[in-house]
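Below you'll find the structure, written out as C-alpha coordinates, and then a few comments.
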Amino acid sequence: MANLFQSVRGFNDVLPPDTAIWQHLHRVANETFAAYGYGEIRLPLLEHTALFSRSIGEVTDIVEKEMFTFLDREGDSLTLRPEGTACCVRAGLEHGLLHNQQQRLWYAGPMFRHERPQAGRYRQFHQLGAEAYGMVGPDIDLEVIALSARLLARLGLRDLTLELNSLGSSEARAAYRSALIDFLQRHESSLDADSKRRMHSNPLRVLDSKSPQTQEILRDAPKLIDALDLESRLHFEQLQQGLSDLGLPFRLNSRLVRGLDYYGRTVFEWTTTALGAQGTVCAGGRYDGLVTQLGGSATPAVGWACGIERLILLMKAQGVAVPDTAPHVYLCWLGDAAQREAARLGEQLRDAHPGLRLVVNAGGGKLAAQLKRADRSGARVALILGDTEIAARTIQVKSLRDTDTSPASIPEQQILPWSELSGYVAGLFDA
RNA sequence: GUGGACGUAGCUCAGUUGGUUAGAGUCCCAGAUUGUGAUUCUGGUUGUCGGGGGUUCGAGUCCCCUCGUCCACCCCA
(Lines give C-alpha, C1' and ligand atoms only; values in the text may rest on other atoms or scores of the structure.)
Protein backbone atom coordinates (compact mmCIF):
# COMPACT_ATOMS: atom_id res chain seq x y z
CA MET A 1 0.00 0.00 0.00
CA ALA A 2 1.42 3.33 -1.00
CA ASN A 3 1.49 5.65 1.99
CA LEU A 4 -0.32 8.92 1.73
CA PHE A 5 2.29 10.56 3.94
CA GLN A 6 5.85 9.83 4.76
CA SER A 7 8.24 11.55 7.09
CA VAL A 8 10.36 14.41 5.81
CA ARG A 9 13.62 13.21 4.30
CA GLY A 10 16.28 12.67 6.93
CA PHE A 11 13.74 12.90 9.79
CA ASN A 12 13.22 9.49 11.36
CA ASP A 13 10.88 7.72 13.74
CA VAL A 14 12.35 5.61 16.54
CA LEU A 15 10.26 2.50 17.17
CA PRO A 16 9.83 0.28 20.24
CA PRO A 17 12.65 -2.26 19.89
CA ASP A 18 15.02 0.69 19.38
CA THR A 19 13.54 3.08 21.92
CA ALA A 20 14.74 0.69 24.63
CA ILE A 21 18.32 1.34 23.50
CA TRP A 22 17.73 5.10 23.47
CA GLN A 23 16.28 4.97 26.99
CA HIS A 24 19.20 2.91 28.21
CA LEU A 25 21.65 5.34 26.65
CA HIS A 26 19.97 8.31 28.29
CA ARG A 27 19.89 6.53 31.65
CA VAL A 28 23.62 5.76 31.45
CA ALA A 29 24.38 9.32 30.34
CA ASN A 30 22.35 10.71 33.23
CA GLU A 31 24.22 8.62 35.76
CA THR A 32 27.62 9.33 34.26
CA PHE A 33 27.14 13.10 34.18
CA ALA A 34 25.86 12.98 37.74
CA ALA A 35 29.00 11.10 38.74
CA TYR A 36 31.05 14.17 37.73
CA GLY A 37 28.68 16.79 39.10
CA TYR A 38 27.33 18.02 35.76
CA GLY A 39 23.84 19.54 35.69
CA GLU A 40 21.47 19.10 32.81
CA ILE A 41 20.48 22.14 30.79
CA ARG A 42 17.46 21.99 28.47
CA LEU A 43 17.60 24.32 25.52
CA PRO A 44 15.11 25.33 22.83
CA LEU A 45 15.43 23.90 19.32
CA LEU A 46 14.98 27.27 17.65
CA GLU A 47 17.32 30.27 17.92
CA HIS A 48 17.96 33.50 16.11
CA THR A 49 19.99 32.74 13.00
CA ALA A 50 22.71 35.24 13.90
CA LEU A 51 23.66 33.18 16.97
CA PHE A 52 24.98 30.43 14.75
CA SER A 53 26.52 32.55 12.02
CA ARG A 54 28.48 34.47 14.67
CA SER A 55 29.65 31.45 16.63
CA ILE A 56 30.16 28.63 14.16
CA GLY A 57 31.74 30.86 11.53
CA GLU A 58 30.27 32.63 8.52
CA VAL A 59 32.18 30.63 5.95
CA THR A 60 31.69 27.15 7.35
CA ASP A 61 29.60 24.63 5.41
CA ILE A 62 27.16 24.42 8.30
CA VAL A 63 26.28 28.09 8.11
CA GLU A 64 26.61 28.45 4.36
CA LYS A 65 24.44 25.59 3.23
CA GLU A 66 23.31 23.21 5.96
CA MET A 67 21.07 25.19 8.30
CA PHE A 68 17.29 24.93 8.39
CA THR A 69 16.61 28.67 8.33
CA PHE A 70 13.32 30.45 7.72
CA LEU A 71 11.55 33.72 8.35
CA ASP A 72 8.83 33.65 10.96
CA ARG A 73 5.60 35.66 10.77
CA GLU A 74 7.32 38.78 12.06
CA GLY A 75 10.07 38.52 9.50
CA ASP A 76 12.76 37.39 11.95
CA SER A 77 15.29 34.91 10.66
CA LEU A 78 15.17 31.78 12.82
CA THR A 79 17.19 28.57 12.61
CA LEU A 80 16.72 25.05 13.90
CA ARG A 81 19.86 24.57 15.95
CA PRO A 82 22.64 22.76 14.04
CA GLU A 83 24.64 22.19 17.25
CA GLY A 84 24.34 22.74 20.98
CA THR A 85 27.34 24.73 22.16
CA ALA A 86 26.26 28.10 20.81
CA CYS A 87 22.81 27.61 22.35
CA CYS A 88 24.33 26.67 25.67
CA VAL A 89 26.54 29.77 25.74
CA ARG A 90 23.57 31.93 24.78
CA ALA A 91 21.53 30.50 27.65
CA GLY A 92 24.46 30.81 30.05
CA LEU A 93 24.89 34.50 29.19
CA GLU A 94 21.18 35.21 29.24
CA HIS A 95 20.80 33.76 32.75
CA GLY A 96 24.08 35.00 34.16
CA LEU A 97 25.58 31.56 34.64
CA LEU A 98 28.94 32.35 33.15
CA HIS A 99 30.10 35.62 34.69
CA ASN A 100 32.99 34.96 37.02
CA GLN A 101 31.95 31.47 37.91
CA GLN A 102 32.37 27.82 37.13
CA GLN A 103 29.68 25.75 35.43
CA ARG A 104 29.53 22.08 34.57
CA LEU A 105 26.61 21.42 32.22
CA TRP A 106 25.30 18.77 29.87
CA TYR A 107 22.53 18.58 27.33
CA ALA A 108 20.92 16.10 24.98
CA GLY A 109 18.53 16.50 22.10
CA PRO A 110 17.93 16.87 18.40
CA MET A 111 20.08 18.98 16.07
CA PHE A 112 19.33 19.84 12.44
CA ARG A 113 21.57 19.99 9.39
CA HIS A 114 20.44 19.92 5.79
CA GLU A 115 22.87 17.31 4.47
CA ARG A 116 22.39 14.32 2.21
CA PRO A 117 21.28 11.57 4.63
CA GLN A 118 23.33 8.44 5.11
CA ALA A 119 23.43 5.81 7.84
CA GLY A 120 24.67 7.57 10.97
CA ARG A 121 24.04 11.01 9.51
CA TYR A 122 20.55 12.44 9.34
CA ARG A 123 18.91 15.85 8.94
CA GLN A 124 17.44 15.57 12.41
CA PHE A 125 20.10 13.86 14.48
CA HIS A 126 20.75 13.78 18.19
CA GLN A 127 23.65 14.88 20.30
CA LEU A 128 24.70 14.43 23.84
CA GLY A 129 27.09 17.10 25.02
CA ALA A 130 29.17 18.30 27.97
CA GLU A 131 30.21 21.90 28.58
CA ALA A 132 32.52 23.21 31.29
CA TYR A 133 32.92 26.98 31.75
CA GLY A 134 35.21 29.17 33.76
CA MET A 135 38.22 26.88 34.09
CA VAL A 136 41.42 27.65 32.19
CA GLY A 137 43.73 24.82 33.12
CA PRO A 138 44.31 21.44 31.47
CA ASP A 139 42.74 19.74 34.49
CA ILE A 140 39.26 20.47 33.15
CA ASP A 141 40.22 19.32 29.65
CA LEU A 142 41.28 16.09 31.31
CA GLU A 143 38.03 15.87 33.25
CA VAL A 144 35.75 16.23 30.24
CA ILE A 145 37.79 13.68 28.29
CA ALA A 146 37.73 11.22 31.22
CA LEU A 147 33.99 11.78 31.45
CA SER A 148 33.56 10.94 27.77
CA ALA A 149 35.73 7.85 28.18
CA ARG A 150 33.66 6.69 31.13
CA LEU A 151 30.39 7.27 29.30
CA LEU A 152 31.55 5.28 26.27
CA ALA A 153 32.84 2.49 28.50
CA ARG A 154 29.61 2.34 30.51
CA LEU A 155 27.70 2.02 27.27
CA GLY A 156 29.76 -1.09 26.62
CA LEU A 157 31.62 0.30 23.60
CA ARG A 158 35.04 -1.06 22.73
CA ASP A 159 37.88 -0.48 20.27
CA LEU A 160 37.59 3.30 20.21
CA THR A 161 40.58 5.52 19.61
CA LEU A 162 41.10 8.84 21.34
CA GLU A 163 42.77 11.25 18.94
CA LEU A 164 44.29 14.39 20.31
CA ASN A 165 45.72 17.64 19.02
CA SER A 166 46.26 21.25 20.01
CA LEU A 167 45.40 24.18 17.79
CA GLY A 168 47.24 26.66 19.99
CA SER A 169 46.22 30.19 20.91
CA SER A 170 44.33 32.23 18.35
CA GLU A 171 47.45 34.35 17.73
CA ALA A 172 49.64 31.28 17.16
CA ARG A 173 46.98 29.75 14.97
CA ALA A 174 46.67 32.92 12.89
CA ALA A 175 50.44 32.95 12.36
CA TYR A 176 50.42 29.28 11.45
CA ARG A 177 47.49 29.83 9.17
CA SER A 178 49.32 32.35 7.04
CA ALA A 179 52.45 30.18 6.99
CA LEU A 180 50.33 27.27 5.82
CA ILE A 181 48.64 29.34 3.13
CA ASP A 182 52.07 30.43 1.88
CA PHE A 183 53.13 26.82 1.69
CA LEU A 184 49.93 25.69 -0.02
CA GLN A 185 50.10 28.48 -2.56
CA ARG A 186 53.56 27.32 -3.58
CA HIS A 187 52.09 23.87 -4.30
CA GLU A 188 48.69 24.99 -5.49
CA SER A 189 48.96 23.32 -8.89
CA SER A 190 49.48 19.89 -7.31
CA LEU A 191 46.59 20.10 -4.84
CA ASP A 192 43.24 18.36 -5.33
CA ALA A 193 40.25 20.53 -6.18
CA ASP A 194 38.71 20.44 -2.70
CA SER A 195 41.95 21.48 -1.07
CA LYS A 196 42.39 24.37 -3.50
CA ARG A 197 38.99 25.60 -2.49
CA ARG A 198 39.61 25.09 1.23
CA MET A 199 43.02 26.73 1.04
CA HIS A 200 41.31 30.10 1.29
CA SER A 201 38.09 29.32 3.14
CA ASN A 202 39.51 27.09 5.89
CA PRO A 203 43.16 26.25 5.24
CA LEU A 204 43.55 24.12 8.39
CA ARG A 205 41.04 21.69 6.96
CA VAL A 206 43.38 20.97 4.06
CA LEU A 207 45.47 19.06 6.61
CA ASP A 208 42.51 16.70 6.89
CA SER A 209 42.34 15.98 3.14
CA LYS A 210 41.72 12.41 2.05
CA SER A 211 43.64 12.88 -1.18
CA PRO A 212 46.88 10.80 -1.02
CA GLN A 213 48.64 13.24 -3.32
CA THR A 214 47.74 16.19 -1.11
CA GLN A 215 48.87 14.25 1.96
CA GLU A 216 52.17 13.58 0.19
CA ILE A 217 52.68 17.30 -0.33
CA LEU A 218 51.70 18.06 3.24
CA ARG A 219 54.61 16.00 4.56
CA ASP A 220 56.82 19.03 4.02
CA ALA A 221 54.27 21.54 5.26
CA PRO A 222 54.88 23.53 8.43
CA LYS A 223 53.60 21.63 11.46
CA LEU A 224 50.94 23.12 13.68
CA ILE A 225 52.60 21.56 16.71
CA ASP A 226 55.82 23.50 15.99
CA ALA A 227 53.86 26.72 15.80
CA LEU A 228 52.28 26.39 19.23
CA ASP A 229 52.81 29.25 21.63
CA LEU A 230 54.60 28.40 24.86
CA GLU A 231 51.49 28.52 27.02
CA SER A 232 49.49 26.24 24.71
CA ARG A 233 52.41 23.84 24.49
CA LEU A 234 52.56 23.63 28.27
CA HIS A 235 48.80 23.20 28.52
CA PHE A 236 48.94 20.40 25.96
CA GLU A 237 51.81 18.62 27.69
CA GLN A 238 50.05 18.75 31.04
CA LEU A 239 46.90 17.32 29.49
CA GLN A 240 48.88 14.46 27.98
CA GLN A 241 50.52 13.83 31.34
CA GLY A 242 47.09 13.75 32.98
CA LEU A 243 45.75 11.26 30.44
CA SER A 244 48.73 9.02 31.10
CA ASP A 245 48.16 9.33 34.86
CA LEU A 246 44.58 8.11 34.36
CA GLY A 247 45.67 5.31 32.07
CA LEU A 248 43.76 6.73 29.12
CA PRO A 249 45.63 5.91 25.91
CA PHE A 250 45.53 8.50 23.12
CA ARG A 251 47.00 9.06 19.69
CA LEU A 252 48.48 12.38 18.74
CA ASN A 253 47.08 13.46 15.39
CA SER A 254 48.54 16.68 14.06
CA ARG A 255 46.02 16.65 11.20
CA LEU A 256 43.06 16.73 13.60
CA VAL A 257 41.34 20.10 13.13
CA ARG A 258 37.83 21.40 13.57
CA GLY A 259 35.13 22.46 11.18
CA LEU A 260 33.76 25.00 13.60
CA ASP A 261 35.67 28.25 13.95
CA TYR A 262 35.45 28.65 17.69
CA TYR A 263 37.88 25.93 18.71
CA GLY A 264 41.38 26.65 20.02
CA ARG A 265 44.04 24.74 21.94
CA THR A 266 42.83 21.24 22.83
CA VAL A 267 40.82 19.30 20.27
CA PHE A 268 40.00 15.59 20.44
CA GLU A 269 37.86 12.91 18.86
CA TRP A 270 36.79 9.39 19.69
CA THR A 271 36.80 7.38 16.47
CA THR A 272 35.89 3.89 15.33
CA THR A 273 36.60 1.98 12.14
CA ALA A 274 33.35 0.01 12.46
CA LEU A 275 31.01 2.63 10.98
CA GLY A 276 32.39 3.29 7.51
CA ALA A 277 32.78 6.97 6.74
CA GLN A 278 30.89 8.05 9.87
CA GLY A 279 33.83 7.17 12.11
CA THR A 280 33.67 10.04 14.59
CA VAL A 281 31.49 9.14 17.53
CA CYS A 282 32.38 11.97 19.88
CA ALA A 283 34.32 15.17 19.31
CA GLY A 284 35.21 18.21 21.29
CA GLY A 285 37.76 20.67 22.43
CA ARG A 286 38.44 24.02 24.01
CA TYR A 287 36.72 27.21 22.88
CA ASP A 288 37.97 29.98 25.12
CA GLY A 289 36.99 32.74 22.71
CA LEU A 290 33.38 31.82 22.14
CA VAL A 291 31.78 33.47 25.15
CA THR A 292 33.40 36.82 24.34
CA GLN A 293 32.44 36.40 20.71
CA LEU A 294 28.81 36.12 21.80
CA GLY A 295 29.01 39.20 23.97
CA GLY A 296 30.06 37.85 27.38
CA SER A 297 33.11 38.54 29.48
CA ALA A 298 36.18 36.41 28.75
CA THR A 299 35.30 32.89 29.91
CA PRO A 300 37.35 29.81 29.20
CA ALA A 301 35.33 26.79 28.10
CA VAL A 302 35.79 23.20 27.02
CA GLY A 303 33.34 20.51 25.96
CA TRP A 304 32.36 17.78 23.56
CA ALA A 305 29.39 16.27 21.77
CA CYS A 306 28.50 12.68 20.87
CA GLY A 307 26.30 11.68 17.94
CA ILE A 308 23.63 9.51 19.53
CA GLU A 309 22.65 7.71 16.31
CA ARG A 310 26.28 6.79 15.80
CA LEU A 311 26.65 5.56 19.35
CA ILE A 312 23.58 3.39 18.85
CA LEU A 313 24.81 2.03 15.51
CA LEU A 314 28.05 1.12 17.22
CA MET A 315 26.27 -0.46 20.20
CA LYS A 316 24.33 -2.63 17.77
CA ALA A 317 27.41 -3.47 15.71
CA GLN A 318 29.23 -4.51 18.87
CA GLY A 319 26.27 -6.45 20.24
CA VAL A 320 26.06 -4.45 23.46
CA ALA A 321 23.54 -5.92 25.89
CA VAL A 322 20.64 -3.64 26.76
CA PRO A 323 18.47 -4.21 29.85
CA ASP A 324 15.43 -6.34 29.08
CA THR A 325 12.14 -4.47 28.83
CA ALA A 326 9.89 -7.46 28.12
CA PRO A 327 7.04 -8.00 30.57
CA HIS A 328 7.69 -10.35 33.47
CA VAL A 329 4.15 -11.67 33.52
CA TYR A 330 1.29 -12.09 31.02
CA LEU A 331 -2.12 -12.65 32.55
CA CYS A 332 -4.60 -14.77 30.55
CA TRP A 333 -8.27 -15.01 31.41
CA LEU A 334 -11.24 -17.08 30.24
CA GLY A 335 -14.80 -15.83 30.56
CA ASP A 336 -16.44 -12.61 31.75
CA ALA A 337 -15.98 -13.25 35.46
CA ALA A 338 -12.30 -14.04 34.98
CA GLN A 339 -11.80 -10.94 32.86
CA ARG A 340 -13.06 -8.71 35.67
CA GLU A 341 -11.02 -10.60 38.23
CA ALA A 342 -7.89 -10.38 36.01
CA ALA A 343 -8.20 -6.60 35.73
CA ARG A 344 -8.53 -6.36 39.52
CA LEU A 345 -5.63 -8.75 40.22
CA GLY A 346 -3.42 -6.98 37.69
CA GLU A 347 -3.87 -3.61 39.39
CA GLN A 348 -3.35 -5.22 42.80
CA LEU A 349 -0.03 -6.74 41.70
CA ARG A 350 1.13 -3.45 40.21
CA ASP A 351 0.27 -1.73 43.51
CA ALA A 352 2.35 -4.24 45.43
CA HIS A 353 5.32 -4.29 43.01
CA PRO A 354 6.06 -0.94 41.34
CA GLY A 355 8.86 -2.51 39.27
CA LEU A 356 6.67 -5.29 37.92
CA ARG A 357 5.98 -5.38 34.20
CA LEU A 358 2.64 -7.10 33.75
CA VAL A 359 0.40 -7.40 30.70
CA VAL A 360 -3.24 -8.31 31.13
CA ASN A 361 -4.63 -9.99 28.01
CA ALA A 362 -6.98 -7.76 26.08
CA GLY A 363 -9.03 -8.32 23.00
CA GLY A 364 -10.27 -11.75 23.99
CA GLY A 365 -9.10 -14.86 22.21
CA LYS A 366 -9.13 -18.48 23.24
CA LEU A 367 -6.48 -19.72 25.60
CA ALA A 368 -4.14 -20.95 22.86
CA ALA A 369 -4.18 -17.52 21.24
CA GLN A 370 -3.63 -15.78 24.59
CA LEU A 371 -0.68 -18.01 25.41
CA LYS A 372 0.75 -17.32 22.01
CA ARG A 373 0.59 -13.59 22.73
CA ALA A 374 2.13 -14.28 26.12
CA ASP A 375 4.99 -16.14 24.49
CA ARG A 376 5.57 -13.44 21.89
CA SER A 377 5.50 -10.71 24.51
CA GLY A 378 8.68 -12.20 25.95
CA ALA A 379 7.10 -12.71 29.38
CA ARG A 380 8.77 -15.24 31.66
CA VAL A 381 5.49 -16.68 32.95
CA ALA A 382 1.86 -16.74 31.98
CA LEU A 383 -0.87 -16.64 34.60
CA ILE A 384 -4.13 -18.38 33.73
CA LEU A 385 -7.42 -17.45 35.33
CA GLY A 386 -10.70 -19.24 34.50
CA ASP A 387 -13.94 -20.19 36.24
CA THR A 388 -12.33 -23.20 37.93
CA GLU A 389 -9.55 -21.04 39.40
CA ILE A 390 -11.94 -18.33 40.55
CA ALA A 391 -14.11 -20.86 42.32
CA ALA A 392 -11.05 -22.15 44.19
CA ARG A 393 -9.50 -18.66 44.58
CA THR A 394 -6.35 -19.91 42.81
CA ILE A 395 -4.45 -19.15 39.64
CA GLN A 396 -2.41 -21.30 37.30
CA VAL A 397 1.21 -20.32 36.74
CA LYS A 398 2.84 -21.50 33.55
CA SER A 399 6.53 -21.02 32.84
CA LEU A 400 7.23 -19.87 29.29
CA ARG A 401 11.03 -19.81 29.33
CA ASP A 402 13.92 -22.01 30.28
CA THR A 403 14.94 -20.76 33.67
CA ASP A 404 18.19 -22.71 34.01
CA THR A 405 19.87 -19.49 35.16
CA SER A 406 17.95 -19.50 38.44
CA PRO A 407 18.91 -22.31 40.82
CA ALA A 408 15.41 -22.55 42.26
CA SER A 409 13.95 -23.84 39.04
CA ILE A 410 10.33 -23.02 38.40
CA PRO A 411 8.14 -26.03 37.67
CA GLU A 412 6.62 -25.78 34.26
CA GLN A 413 3.10 -25.38 35.56
CA GLN A 414 1.61 -25.08 39.04
CA ILE A 415 -1.46 -23.86 40.89
CA LEU A 416 -1.14 -21.09 43.46
CA PRO A 417 -3.73 -19.72 45.88
CA TRP A 418 -4.26 -15.95 45.43
CA SER A 419 -2.69 -15.35 48.83
CA GLU A 420 0.66 -16.65 47.54
CA LEU A 421 0.58 -14.93 44.17
CA SER A 422 2.17 -11.66 45.26
CA GLY A 423 5.10 -13.43 46.90
CA TYR A 424 5.60 -15.60 43.85
CA VAL A 425 5.60 -12.62 41.51
CA ALA A 426 8.17 -10.85 43.69
CA GLY A 427 10.59 -13.67 42.94
CA LEU A 428 10.31 -13.09 39.20
CA PHE A 429 12.18 -9.83 38.96
CA ASP A 430 14.69 -7.55 40.62
CA ALA A 431 16.73 -10.64 41.38
C1' G B 1 25.47 19.72 -3.07
C1' U B 2 28.34 15.59 -6.61
C1' G B 3 28.71 10.41 -8.31
C1' G B 4 26.82 5.33 -8.06
C1' A B 5 23.50 1.10 -6.49
C1' C B 6 18.65 -0.15 -5.21
C1' G B 7 12.74 0.35 -4.37
C1' U B 8 7.92 -6.31 -5.83
C1' A B 9 2.87 -8.69 0.46
C1' G B 10 3.64 -6.08 7.49
C1' C B 11 9.10 -8.31 7.07
C1' U B 12 13.19 -10.98 3.94
C1' C B 13 13.33 -11.80 -1.10
C1' A B 14 12.43 -14.62 -6.35
C1' G B 15 10.27 -13.05 -10.97
C1' U B 16 13.75 -15.72 -17.83
C1' U B 17 14.98 -12.14 -24.49
C1' G B 18 8.57 -7.54 -22.61
C1' G B 19 3.62 -12.38 -22.99
C1' U B 20 -2.37 -14.75 -19.97
C1' U B 21 -4.85 -14.25 -13.55
C1' A B 22 2.59 -11.64 -9.94
C1' G B 23 5.26 -15.93 -6.48
C1' A B 24 8.09 -18.18 -2.05
C1' G B 25 9.42 -17.97 3.00
C1' U B 26 8.03 -15.50 7.32
C1' C B 27 4.24 -13.00 10.03
C1' C B 28 -1.00 -12.87 11.04
C1' C B 29 -5.95 -15.53 11.42
C1' A B 30 -8.76 -20.18 11.77
C1' G B 31 -8.92 -25.46 12.48
C1' A B 32 -6.57 -30.37 14.02
C1' U B 33 -6.77 -29.63 20.35
C1' U B 34 -15.14 -27.03 23.58
C1' G B 35 -8.82 -24.50 28.83
C1' U B 36 -2.40 -24.70 27.30
C1' G B 37 2.43 -21.11 23.95
C1' A B 38 7.21 -21.95 21.52
C1' U B 39 7.41 -27.65 17.69
C1' U B 40 4.00 -30.36 13.72
C1' C B 41 -0.06 -30.66 10.04
C1' U B 42 -4.29 -28.37 7.12
C1' G B 43 -6.68 -24.11 5.22
C1' G B 44 -7.11 -18.73 4.68
C1' U B 45 -6.10 -13.11 4.37
C1' U B 46 -2.46 -9.73 2.80
C1' G B 47 0.09 -6.15 -3.53
C1' U B 48 -2.26 1.04 -6.92
C1' C B 49 5.26 -4.19 -8.42
C1' G B 50 7.60 3.57 -4.66
C1' G B 51 4.75 7.58 -7.64
C1' G B 52 3.78 10.01 -12.56
C1' G B 53 4.33 10.01 -17.76
C1' G B 54 5.97 7.52 -22.36
C1' U B 55 7.11 3.33 -26.04
C1' U B 56 4.17 -1.20 -27.28
C1' C B 57 -1.14 -5.32 -29.44
C1' G B 58 0.86 -6.16 -24.39
C1' A B 59 5.34 -3.20 -19.17
C1' G B 60 7.16 -5.66 -12.52
C1' U B 61 10.58 -6.05 -16.96
C1' C B 62 12.36 -0.85 -21.84
C1' C B 63 12.75 4.98 -21.79
C1' C B 64 12.05 9.86 -19.20
C1' C B 65 10.78 12.53 -14.80
C1' U B 66 10.01 12.33 -9.62
C1' C B 67 10.12 10.53 -4.37
C1' G B 68 12.70 7.44 -0.98
C1' U B 69 16.74 4.24 0.98
C1' C B 70 21.79 2.83 0.94
C1' C B 71 27.19 3.56 -0.42
C1' A B 72 31.16 6.91 -1.49
C1' C B 73 32.51 12.10 -1.89
C1' C B 74 31.71 16.89 0.36
C1' C B 75 30.94 17.97 5.37
C1' C B 76 30.41 16.56 10.19
C1' A B 77 28.64 14.14 15.70
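Owing to the predicted nature of the structure, the values given are computational and were not obtained by experimental measurement. Atoms considered below: every heavy atom in the structure, side chains included; atoms not considered: hydrogens, waters and symmetry mates. Order of the sequence lines sets the chain letters (A, B, ...), proteins ahead of strands, with each chain counted from 1.
Residue contacts shown for A:Gly365 are absent, as no nucleic acid heavy atom lies under 4.0 Å away. Residue A:Asp208 is out of contact with every strand shown, counting any heavy-atom pair closer than 4.0 Å. Across all strands, A:Arg373 comes closer than 4.0 Å to no nucleic acid atom at all (heavy-atom distances). Backbone-only contact: A:Glu66 has heavy atoms under 4.0 Å from sugar-phosphate atoms and none from a base. Within 4.0 Å (heavy atoms only), A:Ala374 reaches no atom of the nucleic acid at all. Using a 4.0 Å heavy-atom cutoff across all strands shown, A:Leu128 reaches no nucleic acid atom at all. A:Lys65 comes within contact range of no nucleotide atom at all, as no heavy-atom separation falls under 4.0 Å.
The separation of B:C71 from B:G31, taken at their C1' atoms, amounts to 48 Å, rounded to a whole angstrom. To the nearest whole angstrom, the two P atoms, one in B:U2 and one in B:U39, are 50 Å apart.
Rounded to whole Å, atom C1' of B:C75 lies 17 Å from atom CE of A:Met111. One can place CG of A:Asp194 at 17 Å from P of B:G1, the figure rounded to the nearest angstrom. With rounding to whole Å, A:Gln370 atom CD is found 16 Å from B:U33 atom C1'. Atom CD1 of A:Ile308 is separated from atom P of B:A77 by 14 Å (rounded to the nearest Å). A:Leu275 places its CG atom 13 Å from the P atom of B:C70, with the value rounded to the nearest Å. Atom pair A:Ile312:CD1 and B:A77:P shows a separation of 18 Å (rounding to whole Å applied). Atoms CD (A:Glu309) and C1' (B:A77) sit 9 Å apart, rounded to a whole Å. When the P atom of B:A38 is taken as reference, atom CG of A:Leu367 falls 12 Å away, rounded to whole Å.
In this structure, A:Asp375 pairs ionically with A:Arg401, as a charged nitrogen and a carboxylate oxygen lie closer than 4.0 Å. A salt bridge between A:Asp141 and A:Arg265 is absent, with no side-chain N of the basic residue lying under 4.0 Å from a carboxylate O of the acidic one. Salt-bridge check for A:Glu115 with A:Arg123: failed, with every basic side-chain N at 4.0 Å or more from each acidic carboxylate O.
Between the side chain of A:Arg116 and the base of B:U2 there is at least one donor-acceptor pair of N/O atoms closer than 3.5 Å. In the interface, the side chain of A:Gln396 is paired with the base of B:U36 through a donor and an acceptor atom under 3.5 Å apart. Residue side chain A:Gln413 does not reach the base of B:G37 through any donor-acceptor N/O pair under 3.5 Å, judged by distance alone.
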Does the pair A:Arg81 and A:Glu47 meet the rule for a salt bridge (Lys or Arg N to Asp or Glu O under 4.0 Å), with working shown?
CA-CA 7 Å; A:Arg81 61 182 190 187; A:Glu47 298 276 359; over 6 Å; no

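The aromatic rings of A:Tyr38 and A:Phe33 sit tilted, their planes meeting at an angle between 30° and 60°.
Closest approach to the A:Ile384 side chain among B:C70, B:G35, B:C67 is made by B:G35 (side chain taken as heavy atoms from C-beta onward). Distance from the side chain of A:Glu115 is smallest for B:C75 among the nucleotides B:A72, B:G37, B:C75.
For A:Arg310 and A:Asp375, each mapped to the nucleotide of RNA chain B holding its nearest heavy atom, the one lying further toward the 5' end belongs to A:Asp375. Judged by closest nucleotide on RNA chain B, A:Asn12 is the one of A:Gly276 and A:Asn12 placed further toward the 5' end.
A:Tyr36 and A:Arg150 form a side-chain donor-acceptor contact under 3.5 Å, judged by distance and modelled atom types alone.
If you check B:G1 for Watson-Crick or wobble pairing at under 3.5 angstrom, you find it paired to B:C73.
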